[in-house]
Every structure is written in structure tokens, then in C-alpha cells.
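Below: the structure, in C-alpha cells.
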Amino acid sequence: MKASMCNFVHESENGDLYLYNSLQGTKSLIFVNSRKASKIREMLSLEYSEEEDEDYKRLVKNGYLIEDDADEQQAREYKFLKVVSEPRLNITILPTEKCNFKCVYCYETFEKPGMSIETQESLISFVKKNINKYTGLSVHWFGGEPLIAMDVIENLSKEFISICKSVKKTYMAGMTTNGYLLDPEMLDKLLKYHVYKYQITIDGVEKTHDFQRPLMDGTPTFKRIVDNLVNIRLHAKSKLFNIAIRANLSKSIYESFDEYIEALHHICGQDSRFSIYMHQVSDWGGERVTRIKEELIVQDMYVGALEKLKKSPFKFNYYVHLGKLDSESCVCYANKLNYFIIGSDGTLYKCTGNFVEDCNKIGKLESNGQISMDKNKEASWVCNVKRVMDKCKTCYFSGNCLFSICPAVQVRKLDSSICSFEQQYLEHFLELFSKDVYQIIE
Ligand code: SF4
Ligand code: SF4
């Protein structure tokens with residue numbers, strides 16, 4: 001036997017071990033009590049092997065110890081092909097490209113209005129004609145702010161649900177919303193349309209959030225969003241939904257981070273339907289980002305925030321970060337074959353990072369459900385062979401990321417490539433996750 005090149009071992013301050021194998025994903029997570037740490041380390045470094053030992057068997061079963069002739073390079077390639085050709089149709093829909101917010105760092109231009117009835121009919125016709133090629137349909141509502149185009153969401157959802165039901169295919173949906181209009185009544189309505197997963201951004205405590213994310217006319221938004229979420233937690237009976245609260249970590253948020261954690265606790269309580277996601281504000285270009293240059297944080301601050309979360313008496317669910325330890329979530333949707341974004345005017349895109357650049361406009365939804373696709377442009381997003389950097393070849397995380405972090409770096413010919421937060425800060429995340437996600441060796 002040999003040790004997998006995809007093994008990651010983190011030792012905490014008190015000597016416990018956290019194990020992760022990137023080729024196997026989250027199901028491989030193992031927590032080792034400090035009492036057994038040296039034995040497990042010896043097994044992983046092949047100094048001690050005992051085939052009948054239960055702990056040894058567990059390391060084999062979870063891919064940490066593999067056959068001598070196992071080819072992990074090939075295993076990564078095979079996994080990549082499987083992940084990018086997932087047989088489900090995934091569509092991100094912009095029911096409108098207008099927004100009721102004016103966030104300081106937003107890259108969108110807000111020029112295009114709601115989706116016309118003709119474009120909606122053509123999209124319905126496309127799904128009707130093509131659904132049989134797939135195992136099911138997943139929709140993600142994006143924008144602009146999708147909830148200001150609820151009429152479009154209702155019309156398309158009803159049709160998609162009915163089409164999928166008639167041919168016995170599964171249908172599910174998610175949404176990225178600013179949360180301003182998401183009160184318990186709206187949630188009830190959306191759940192009827194199978195919208196189960198939500199991402200909502202709350203940028204710090206009231207002062208910073210209201211500076212970074214006001215309404216178009218400057219009206220503050222923090223209080224209303226928090227009230228909506230607390231009301232949902234207290235009054236929504238359904239257990240089917242999950243709301244991920246995203247923080248775009250900036251200097252101002254970091255400076256009042258303890259207060260922010262308390263605000264998050266006030267929203268989420270101990271409710272497992274809520275989770276939090278820590279994002280580092282990046283430079284996506286544009287005039288608005290220039291205005292907040294001094295707000296961009298450095299690596300130490302991101303680590304500092306994770307450390308504060310770790311030491312906090314309040315415990316949160318981190319299911320988005322946890323999900324990124326599986327390739328299906330870690331590999332960007334822009335890399336996937338059966339995935340596209342449809343703008344409110346019928347333009348087809350691959351990446352949600354920039355809707356202005358020509359390289360991202362890969363086609364158009366024509367009338368009667370016909371799609372005209374620029375196959376060369378589409379291929380430039382899907383094919384990733386040129387993206388492998390030298391450091392990737394021996395990277396322990398490569399069994400998960402499969403070299404596909406941000407296809408836009410290659411397509412837009414950017415000169416740098418940043419690995420995911422989960423890769424960069426893995427040891428901190430492993431200590432943040434609840435022990436429930438680990439197999440325990442003690
Ligand atoms: S992109 Fe980053 S995380 Fe992925 S294999 Fe390369 S070095 Fe590792
Ligand atoms: S290609 Fe890069 S910028 Fe675009 S959605 Fe994927 S990760 Fe984001």
C-alpha cells in the first residue's frame with residue numbers, strides 16, 4: 001500500500017488530528033483523538049501497517065491508503081470528466097437585471113429590464129423540447145435582484161414544475177437574493193415553487209452593511225433584512241430550505257467582527273436551516289471597486305476572522321464551505337457542459353462574474369426554444385487543460401478542485417489564479433466544522 005497524494009492532515013493545538021482526502025471528498029473526513037494521533041500518523045507514513053486493525057481498515061476504506069499501482073493522476077482526470085458532464089440540466093436565470101440595491105462593490109450595470117414574455121415562452125419551449133436528454137432540471141434565480149421580478153419567477157416555475165412532472169424528472173431551485181423582500185410570506189410562496197436554497201449577503205454590522213449595501217436611493221437595508229430572517233427562523237415551519245448568509249469580508253467588517261458574530265447569532269440562533277459563508281472581497285475591476293480599494297482585506301484578516309469564529313461561544317453551520325470539499329461544488333459551474341446562464345434578454349453566458357465582456361456571451365436563446373451557441377466560446381470555458389499550474393501537479397487539494405478553479409482566469413487571460421478559500425485556509429475550516437461531519441477515531 002501507499003499513501004494517497006490527496007491526503008491532508010491537520011494537527012490542532014491539543015494534538016487532535018483532522019484528516020481529509022480530496023479525491024474522496026467530505027465523506028472521507030476523520031477526526032482522530034490525540035491519544036491515537038501517533039498511531040494514525042505512523043500508518044499514514046507507512047511505518048506501521050496491520051491489515052486487521054480497525055483503524056487501518058478505516059484509512060484504506062476512505063482512500064488515505066491505496067494500492068501501490070493505483071494511478072491518482074488518472075483518477076483525477078476521470079473524476080473531472082464525470083463532474084463536468086453531470087447529466088442534469090442546470091440553468092441560472094436572470095429574471096431581471098435591474099436591482100433595488102446599489103452595492104459599493106457591485107460589477108453589474110443594471111441596464112436590462114425584466115425578461116419579456118416572448119423570452120420566457122422560448123425558454124419554456126427549450127426546456128420542453130430538451131428535458132428528456134437530462135436526468136432533471138436545476139434552476140438558480142440570480143439577477144439583478146430576482147425578487148423584484150416575482151411575476152417572471154412564478155410563470156417560469158409553474159411551467160418547469162409541470163414539464164418535469166409530466167416526464168417524471170426532478171426539479172429543484174435556488175436563489176441569490178439581497179433578502180430585502182424575503183419575508184416569511186414570500187418564502188412560503190417560493191417553497192411552493194421548489195426554491196430551497198438561498199444565498200443572502202449581510203455585510204457586517206448595521207453601519208458597514210448600510211454603507212456597503214443601501215437601496216438605490218440610499219435608504220438603509222440592514223434592519224429590514226435582519227427582521228425578515230429572524231421572522232423566518234421563528235415562524236417558518238418548513239425544514240426543507242437552507243439560507244446561507246454570506247459576508248463579503250472587508251476591513252470595516254473585520255474591525256467590528258465580534259459584534260458581527262453576535263448579529264449572526266441573533267439571526268441564525270441554533271437553527272440548522274441557516275449557515276454562514278465567509279467571502280473575501282476581491283478586486284473584480286470597475287469604478288465601484290476602485291472606491292473601496294482601501295476596504296480589501298489581506299490574508300491575515302481572513303484567518304483572523306476564522307479564528308474568532310472558532311473561539312466564539314456561538315456555533316454556526318458552514319455547509320457552503322463544507323460543500324466545497326466535494327468536487328461537485330468546488331468545480332465552477334462555468335466548467336460544466338450542461339450548464340448555462342440566461343440573461344433577461346435571452347443572452348447566454350457561462351460565468352456570473354461579468355456580464356459585459358464579450359468572451360462570456362456564448363450564445364442566444366432565439367424564438368421557439370432554439371439556441372444558437374458559439375461552440376468555440378463555449379469550449380473555451382469548458383476545456384481546462386491549459387489551466388494546470390506547476391504547483392497543481394503535486395497539490396493535495398487537486399483531487400477535489402481538479403485544476404478547475406475559476407475558468408475565467410484562462411478565458412479572460414488574467415495573470416493570476418487564486419485557489420479556493422477552502423484550499424488556502426483548510427486547517428482553519430476543518431476545526432470550524434461540527435464534529436457531526438467526521439468519522440471519529442478515539
Ligand atoms: S488550482 Fe490550487 S487547489 Fe487546485 S490543484 Fe492547483 S494549486 Fe491545488
Ligand atoms: S469562472 Fe471564475 S469568476 Fe466566473 S463564476 Fe466561475 S469562479 Fe466565478
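Note that ligands are numbered from 1 as they come in the structure, with each ligand's atoms numbered from 1 the same way.
- Here the two rings, on Tyr425 and Tyr302, have centers that are under 6.0 Å apart.
- Contacts with ligand 1 closer than 4.0 Å are made by heavy atoms of both the backbone and the side chain of Cys392.
- With respect to atom 4 (Fe) of ligand 2, the closest heavy atom belonging to the protein is Cys351 SG, 2.3 Å.
- Atoms of ligand 1 lying under 4.0 Å from at least one heavy atom of Gln423, given by number and element, are 3 (S).
- Close contacts between ligand 2 and Thr352 involve ligand atoms 5 (S) [criterion: under 4.0 Å to a heavy atom].
- The aromatic rings of Tyr318 and His321 lie tilted to each other, with the angle between the two planes from 30° to 60°.
- The aromatic rings of Phe340 and Phe126 stand perpendicular to each other, their planes meeting at an angle above 60°, with 30° marking the opposite boundary.
- Donor-acceptor pairing under 3.5 Å is recorded for the side chains of Asn100 and Asn178.
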Q: Starting from the C-alpha separation in whole Å, work towards a yes-or-no answer on side-chain contact (heavy atoms from CB on, under 4.5 Å) for Asp345 and Lys364.
A: CA-CA 9 Å; Asp345 64 352; Lys364 184 91 187 160; 4.1 Å; yes

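- Tyr18 and Phe31 have their aromatic ring centers within a separation under 6.0 angstrom.
- Each of the atoms 1 (S), 2 (Fe), 3 (S), 7 (S) of ligand 1 lies under 4.0 Å from some heavy atom of Cys419.
- The option from Cys406, Ala334, Ser420 that lies nearest to atom 2 (Fe) of ligand 2, judged by heavy atoms, is Cys406.
- Note that atom 8 (Fe) of ligand 2 has no protein non-hydrogen atoms nearby, at separations under 4.0 angstrom.
- The distance between the ring centers of Tyr349 and Phe355 falls below 6.0 angstrom.
- Near Ser398, meaning under 4.0 Å from one of its heavy atoms, ligand 1 places the atoms 5 (S).
- Applying the 4.0 Å criterion to heavy atoms of Phe397 picks out, from ligand 1, the atoms 3 (S).
- Nearest protein heavy-atom neighbour of atom 6 (Fe) of ligand 2: Cys332 SG, 2.2 Å.
- Using a 30° and 60° split on the angle between ring planes, Tyr260 and Phe257 fall in the tilted class, from 30° to 60°.
- Less than 4.0 angstrom separates some heavy atom of Ala408 from each of these atoms of ligand 2: 1 (S), 2 (Fe).
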